[in-house]
Amino acid sequence: MKVQAFLTALTLLRSLTQANSASADEDFPQGVKRVPLRTHSLASPYLDDSLHSRWFDYGGDAVIRTDKYIRLTADRASQTGYVSSRLPLTMPSFEIEIEFKISGKGNLYGDGMAMWITKERDQMGPVFGGPDNFEGLGIFIDTYKNNRPGVTFPYVMAMVGDGKTRYSKEDDGKPNELAGCSARGLHNSQHATKARLIYVKDSFMRLDLEYKEPNQWTTCFKVAAPPLPSVPYLGFSAETGELSENHDLIAVDVSSLFLLSGPERTTGMGSSMSSDKRVRKGGSWFWFFVKLGLIGGAAYVGYTRYIVYAKNKQQSSQGLF
């Protein structure tokens, strides 16, 4: 019984440790904790029982197939569709991972899709289905080449908008490109493709892609974190022109990032490093006393059972002799 009590205590301690553990990443050598945000995430069936979404608005030609995807545009000409969050993305450091698929028939297709972290919300426009002259960050997956010699398409790029500068569609965004990469094979990939944006305020922004093989991520770019609007909204959009393709949004997973340590870094709540140390120190003492209490409780249970066992054995012996 003492062994059983001890094992129970160990199991509890292990579960506490796992619950308080943080995932590792190459840009976070000391670890980072990810806290999922339901308010900005999407997954099948996408709608509630009343056939509405509590956290997102849909518009344009977007069609929801609850068992598979949100089709922002079908493989038809001149379509535009979008999805926009109802609540702003207020955490300073975050991770956005999307699963999507771009597919179509024939050798010519277009135009592409976009992810938005902007001041504007619930708007359609000429930039991959989203607004031009936007304020914030746009990540564009451009599948049709207009005028970029020497660049392989599809092409994925980031642009930071100031609310005044237009996206140069005739040059595929080159004049205002922050960073980008070619993603040949993304269109009509054999499996659903993924993109992962990591944004750490006052530090860096990184975009990873998974389109060659499942679980094989490649870094598209890593740059200094650009400033974002104080109240940005998350959105997705797509458009087709004379050429067309399917743009399917399958899943969106958004997490707030809490950096555990590192010089001159901030936590997901935006506090300074010194205050982060104080929080972690206080948390360490809390878990220490919790673990100490569990171990003490297990020892007390074991000792009590042993006393009862010894007493019963003594009484049994006296009864026999």
Decide yes or no on salt bridge (charged side-chain N to carboxylate O under 4.0 Å, His left out) for D57 and R86, but give the supporting numbers first. CA-CA 7 Å; D57 289 320; R86 293 182 176 178; 2.8 Å; yes
Distance (rounded to the nearest 0.5 Å) between [X] [atom1] and [Y] [atom2]:
X    : Y    : atom1 : atom2 : result
N215 : H191 : CG    : NE2   : 9.0 Å
F153 : T143 : CZ    : OG1   : 9.0 Å
F128 : T73  : CZ    : OG1   : 12.0 Å
I98  : T193 : CD1   : OG1   : 8.0 Å
S84  : L234 : OG    : CG    : 8.0 Å
N146 : D111 : CG    : CG    : 7.5 Å

Any side-chain heavy atom of [X] sitting closer than 4.5 Å to one from [Y]?
X    : Y    : result
K194 : E97  : yes
S53  : Y58  : yes
E210 : R196 : no
M115 : L197 : yes
Y199 : M205 : yes
L42  : W55  : no
D132 : R166 : yes
L259 : V32  : yes

Verdict with reasoning, L137 to L228, per side-chain contact (heavy atoms from CB on, under 4.5 Å): CA-CA 7 Å; L137 175 67; L228 295 177; 3.8 Å; yes
Pairs satisfying side-chain hydrogen bond (donor to acceptor under 3.5 Å, both in side chains), at least one member in residues 179-188, at least two apart: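 As it turns out, the side-chain hydrogen bond (donor to acceptor under 3.5 Å, both in side chains) pairs with a partner in residues 179-188, which skip direct neighbours, are H187-E245.
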Show me the pairs that pass side-chain hydrogen bond (donor to acceptor under 3.5 Å, both in side chains) and involve residues 222-239, at least two apart or across chains.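 Every side-chain hydrogen bond (donor to acceptor under 3.5 Å, both in side chains) pair that includes a residue of residues 222-239, provided the two are not neighbours, is D27-K222, W116-S237, K169-E239.
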Should L178 and M159 be marked as a side-chain contact (heavy atoms from CB on, under 4.5 Å) after you check the CA-CA gap, both sets of side-chain angles, and the distance that decides it? CA-CA 5 Å; L178 175 65; M159 174 181 170; 5.9 Å; no
Kindly check if the number of other-residue, nucleotide or ligand heavy atoms within 6.0 Å of CD (E170) is above 12?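 More than 12 within 6.0 Å, yes.
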Please check: side-chain N/O of [X] versus main-chain N/O of [Y], any donor-acceptor pairing under 3.5 Å?
X    : Y    : value
T219 : F221 : no
D142 : K145 : no
T240 : Q79  : yes
E177 : G180 : yes
Y46  : A251 : no
R121 : S85  : yes

Would you name the heavy atoms of [X] and [Y] that are closest together and state the gap between them?
X    : Y    : value
V252 : V254 : CG1-CG2, 3.8 Å
P229 : G136 : CD-CA, 3.7 Å
A238 : M113 : CB-CB, 3.7 Å
I139 : A158 : CD1-CB, 3.6 Å
Y211 : L186 : CD1-N, 3.9 Å
T118 : F134 : CG2-CD1, 3.9 Å

Return yes if a side-chain donor-acceptor contact under 3.5 Å exists between D122 and Y82, otherwise no.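 There is such a pair (donor and acceptor under 3.5 Å, judged by atom type) between the side chains of D122 and Y82.
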Apart from Y144 itself, residues in the same hydrophobic cluster as defined by side-chain heavy atoms under 4.5 Å: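 L108, L243, which link up through side-chain heavy atoms under 4.5 Å apart, make up the rest of the cluster.
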Check this for me, if you would: do D48 and R54 make a salt bridge, where the nitrogen-to-carboxylate-oxygen distance has to be below 4.0 angstrom?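 The answer is no: the pair does not qualify as a salt bridge.
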Result of checking K101, R71, R65 against D248 for side chain to side chain donor-acceptor pair (under 3.5 Å):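 Option passing the side chain to side chain donor-acceptor pair (under 3.5 Å) with D248: R71.
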Under 6.0 Å from the ring centre and within 45 degrees of the ring axis: does the NZ or CZ of R148 meet both conditions for the six-membered ring of Y155?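 Yes.
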Quick one: do Y109 and S244 satisfy side-chain contact (heavy atoms from CB on, under 4.5 Å)? Show the steps, please. CA-CA 5 Å; Y109 42 81; S244 62; over 6 Å; no
Check whether [X] and [Y] end up in the same hydrophobic cluster, where Ile, Leu, Val, Met, Phe, Trp and Tyr are linked by side-chain heavy atoms less than 4.5 Å apart.
X    : Y    : result
V127 : I102 : no
L209 : W217 : no
V63  : L249 : no

Taking it one step at a time, do F204 and F28 satisfy ring-ring contact (aromatic ring centres under 6.0 Å, His included)? CA-CA 11 Å; F204 72 92; F28 307 108; 5.7 Å; yes
Using the rule side-chain contact (heavy atoms from CB on, under 4.5 Å), only one of I117, V35, I198, L37 pairs with F94; which is it?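 Among I117, V35, I198, L37, the one meeting side-chain contact (heavy atoms from CB on, under 4.5 Å) with F94 is I117.
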Using side-chain contact (heavy atoms from CB on, under 4.5 Å) as the criterion, point out the one residue from I70, D61, L72 that pairs with H247.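 Going through the options one by one, the only one that passes is L72.
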Given K174 and D172, is the side-chain contact (heavy atoms from CB on, under 4.5 Å) satisfied, shown in steps? CA-CA 6 Å; K174 182 178 180 180; D172 299 309; 5.9 Å; no
Please assess D75 against N246 for the test side chain to side chain donor-acceptor pair (under 3.5 Å), listing each intermediate value before the final yes or no. CA-CA 5 Å; D75 191 0; N246 299 310; 4.8 Å; no
Tell me, with the steps shown, if Y69 and F100 meet ring-ring contact (aromatic ring centres under 6.0 Å, His included). CA-CA 8 Å; Y69 49 65; F100 63 99; over 10 Å; no
